[in-house]
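Here's the structure, in structure tokens; my notes come after.
Index from 1, following the sequence. Just follow the structure's listing: the first ligand is 1, and inside any ligand the first atom is 1. For the numbers below, each heavy atom of this structure counts, side chains included, while hydrogens, waters and symmetry mates do not.
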Amino acid sequence: MNQTIPEVYGKWSFVAVIATVFAVAGLRPAGSQDPVVDDAAAQQVTGEALPDQQGENAEDEIEDPPYTPKTVSQLQKSLSAIQFKVTQNEETEPAFRNKYWDNKKDGLYRCIICGQALFKSETKFKSGTGWPSFYDPISADRIGVKLDFKLIYPRQEVHCSRCKAHLGHVFGDGPKDKTGKRYCLNSAALRFEETSDEPKSKSKAKTSAAKE
Ligand SMILES: [Zn+2]
């Protein structure tokens, strides 16, 4: 009698071990904890700031027309003489005798060649030079800058980043309370697009209207 007791305990112990193994590893529903983790992650995501909160200068609303490069002869036909000289040969138009130096209307200044939006009227300021002057482009990637040695002193030449049209120069004597820069541009390199009070769908359609 006494000898059978350890055997019984041994059998029950074995069963208990097997049951525990199944309970812990085999019989637990797979991935039962995952939904809890996902819910927590989802709550974190919804609690974060929305991606469209990028400040008042969000570029999303500005659309640029498609650009197909033109040959020199095509440009000569589509541009006025001064537009061609300025944009293609980096010449400078006369001060005060140009289209936009005193333009005070609200809107966008686009590249005359490819239509890319370059400057907003909000950043235009009275420089007294006789050329349209701005203290900041819409974004840095819309313009390109290179050193220009055409005069005795070197200047920073400014051009459209998309079609390379010459726009003007940038100097360091702009408004101190802004960027301190003065983008001195040629009206002949620009096409002004006045801000419309009409619904956005109509004003967007106008952006594709380029001089051909
Ligand atoms: Zn351009």
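- For His169, the ring-ring contact (aromatic ring centres under 6.0 Å, His included) test picks out His166, with sequence neighbours left out.
- Residue Lys181 qualifies as open at atom NZ: its count of foreign heavy atoms under 6.0 Å is 12 or below.
- A salt bridge between Arg110 and Asp64 is present, with a side-chain N of the basic residue lying under 4.0 Å from a carboxylate O of the acidic one.
- The salt bridge (Lys or Arg N to Asp or Glu O under 4.0 Å) search around Glu157 returns Lys146, not counting sequence neighbours.
- Only protein N, O or S atoms were considered, and those under 2.8 Å from the Zn ion (ligand 1) are Cys111 SG, Cys114 SG, Cys160 SG, Cys163 SG.
- Listed by chain and number, the residues in a ring-ring contact (aromatic ring centres under 6.0 Å, His included) with Phe96 are Trp101 (sequence neighbours excluded).
- Lys105 NZ: 12 or fewer foreign heavy atoms inside a 6.0 Å radius.
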